[in-house]
Number of protein chains: 2
Amino acid sequence: MVSAPLTSVRSGAPTKERLRLWIRLLRASRLIEAVLRERLKARFDTTLPRFDVLSALDRAPEGMAMSDISSFLLVSNGNVTGIVERLVNDGMASRSKRDGDRRTSIVKLTPAGKEAFAAMAEAHERWVDELLAGLPEDEARALAATLKTFESNWEGEA
Amino acid sequence: MVSAPLTSVRSGAPTKERLRLWIRLLRASRLIEAVLRERLKARFDTTLPRFDVLSALDRAPEGMAMSDISSFLLVSNGNVTGIVERLVNDGMASRSKRDGDRRTSIVKLTPAGKEAFAAMAEAHERWVDELLAGLPEDEARALAATLKTFESNWEGEA
DNA sequence: GTATGAAATTTTAAGGTTGAAATATAGCAC
DNA sequence: GTGCTATATTTCAACCTTAAAATTTCATAC
């Protein structure tokens with residue numbers, strides 16, 4: 001191993017290094033998001049938030065409560081209300097009350113929603129694959145592992 | 001070197017690996033952004049987009065055109081119009097016309113804006129440092145390098 | 001069963017965001 | 001100088017987003 005630089009004896013990287021990392025992480029996310037948003041609009045006439053909600057619902061055949069959706073997607077409750085409303089209007093999702101608790105809405109994909117999402121998901125996966133094509137396998141793997149560690153460290157803390 | 005896995009002879013990681021990487025990148029960004037947004041609101045009564053614009057202006061003592069700001073921050077032109085307007089109303093920034101081209105607005109920080117930003121930037125840097133504290137220095141460095149490569153590969157392509 | 005408090009969701013106000021249309025200025029061909 | 005095209009910005013409609021207040025329903029203590 002290499003000896004620690006004189007400028008820092010505390011744990012981890014010096015401050016500037018972490019700030020730089022955060023800025024690059026943010027810029028990379030925004031670049032990718034911008035491309036995905038544009039293509040979802042152009043080819044499927046939809047938005048990234050709607051895609052995200054469809055994606056969450058697709059993993060839950062029995063449906064999800066509104067609050068499950070918002071916590072899974074890391075967005076606010078009120079936010080989900082509007083997006084789901086538009087998905088329901090578009091015939092992509094359905095809402096129903098859970099037996100025994102009239103507070104809870106259960107949101108599910110409709111057959112049309114499942115079908116539409118399948119097509120989007122296939123394209124989305126291809127686009128991401130293409131956008132990240134420049135990353136060598138080992139770097140991709142290392143990055144993913146680091147980010148996973150990061151996220152589990154922060155579970156529930158934000 | 002390790003021999004290539006049978007499932008992929010093409011460059012880089014297999015599809016699923018990249019998709020997973022993207023999802024983790026996005027979730028990490030959102031988690032960090034949520035914390036920063038909340039703290040900026042609580043301690044400085046401001047927002048992340050305003051902080052971003054102040055940050056861009058702070059690097060350009062001679063001021064920036066609206067379009068410079070939007071391309072630097074990777075957001076749309078119309079977006080910047082509104083944010084700058086609020087910053088001007090708050091006394092943080094000033095707008096003037098450039099000699100010889102009445103189309104171009106030059107936006108600068110006011111002394112109050114400079115001062116306010118200095119305090120925010122100091123806190124922001126501390127917060128980021130704290131949020132990323134779990135990352136060992138070598139991983140932070142490697143990650144930053146990977147992301148930098150990624151961004152330069154995509155210059156102007158989005 | 002009544003009050004009290006907790007839980008799930010919606011509503012509201014303010015702001016952020018985009019893409020496209022509109023406006024205004026500049027520069028150039030002629 | 002007139003007209004054409006490009007550039008810089010703003011405006012607009014639609015949507016996304018949050019935090020906080022309001023609403024509805026449930027659960028529990030009494």
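Proteins get letters first, then strands, A, B, ... in listed order; numbering begins at 1 in each. Atoms considered below: every heavy atom in the structure, side chains included; atoms not considered: hydrogens, waters and symmetry mates.
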Open item on the list: Is there a side-chain contact between A:R102 and the phosphate of D:dT24, meaning an N or O under 4.0 Å from OP1 or OP2?
Closed with: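 So the side chain of A:R102 is outside the cut-off, no N or O lying under 4.0 Å from OP1 or OP2 of D:dT24.
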Atom-pair distance ([atom1] on [X]; [atom2] on [N]), nearest Å:
{"X": "B:D45", "N": "D:dA19", "atom1": "CG", "atom2": "P", "value": "13 Å"}
{"X": "A:I83", "N": "D:dT17", "atom1": "CD1", "atom2": "C1'", "value": "8 Å"}
{"X": "A:E33", "N": "D:dT17", "atom1": "CD", "atom2": "C1'", "value": "13 Å"}
{"X": "B:L36", "N": "D:dT17", "atom1": "CG", "atom2": "P", "value": "18 Å"}
{"X": "A:N89", "N": "D:dC15", "atom1": "CG", "atom2": "C1'", "value": "13 Å"}
{"X": "A:R37", "N": "D:dC15", "atom1": "CZ", "atom2": "P", "value": "15 Å"}
{"X": "B:L40", "N": "D:dA19", "atom1": "CG", "atom2": "P", "value": "12 Å"}
{"X": "B:K41", "N": "C:dG15", "atom1": "NZ", "atom2": "P", "value": "10 Å"}

Open item on the list: Using heavy-atom distances to pick each residue's nearest nucleotide on DNA chain D, tell me which of A:G100 and A:L74 is more 5'.
Closed with: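 Counting from the 5' end, the first nearest nucleotide belongs to A:L74.
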Do NZ/NE/NH1/NH2 and the carboxylate oxygens of [X] and [Y] come within less than 4.0 Å?
{"X": "A:R126", "Y": "A:E122", "result": "yes"}
{"X": "B:K41", "Y": "B:E38", "result": "no"}
{"X": "A:R30", "Y": "B:D52", "result": "yes"}
{"X": "B:E125", "Y": "A:R18", "result": "no"}

Task: Main-chain N/O of A:A142 paired to A:T146 side chain as donor or acceptor, under 3.5 Å - done: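 The answer is yes, because a donor-acceptor pair under 3.5 Å joins these two groups.
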- [ ] Keeping the roles fixed (side chain from B:S55, backbone from B:F51), state whether a donor-acceptor pair exists under 3.5 Å.
- [x]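 No; judged by distance alone, with no hydrogens or angles, the pair does not exist.
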Open item on the list: Under 4.0 Å, heavy atom to any atom of DNA chain C: which of residues 49-59 of chain B qualify?
Closed with: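 Within this stretch, B:P49, B:R50 sit under 4.0 Å of the strand.
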- [ ] Kindly indicate whether the side chain of B:R37, heavy atoms from C-beta on, has any atom under 4.5 Å from the side chain of B:T47.
- [x]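 A side-chain contact under 4.5 Å is absent here.
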Open item on the list: Does any part of the side chain of B:E33, heavy atoms only, come nearer than 4.5 Å to the side chain of A:W22, both counted from C-beta?
Closed with: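 A:W22 reaches B:E33 side chain to side chain.
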Task: Selection residues 105-116 of chain B - residue pairs positive for salt bridge (charged side-chain N to carboxylate O under 4.0 Å, His left out), sequence neighbours left out - done: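 Qualifying pairs: none.
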For nucleotides 8-10 of chain C, print each protein N/O atom paired with a nucleotide N/O atom at under 3.5 Å, atom names and distance only.
unit_1: C:dT9; atom_1: OP1; unit_2: A:M66; atom_2: N; d: 3.3
unit_1: C:dT9; atom_1: OP1; unit_2: A:S105; atom_2: N; d: 3.0
unit_1: C:dT9; atom_1: OP1; unit_2: A:S105; atom_2: O; d: 3.3
unit_1: C:dT9; atom_1: OP2; unit_2: A:S67; atom_2: N; d: 2.8
unit_1: C:dT9; atom_1: OP2; unit_2: A:S67; atom_2: OG; d: 2.7
unit_1: C:dT10; atom_1: OP1; unit_2: A:R95; atom_2: NH1; d: 2.9
unit_1: C:dT10; atom_1: OP2; unit_2: A:T81; atom_2: OG1; d: 2.9

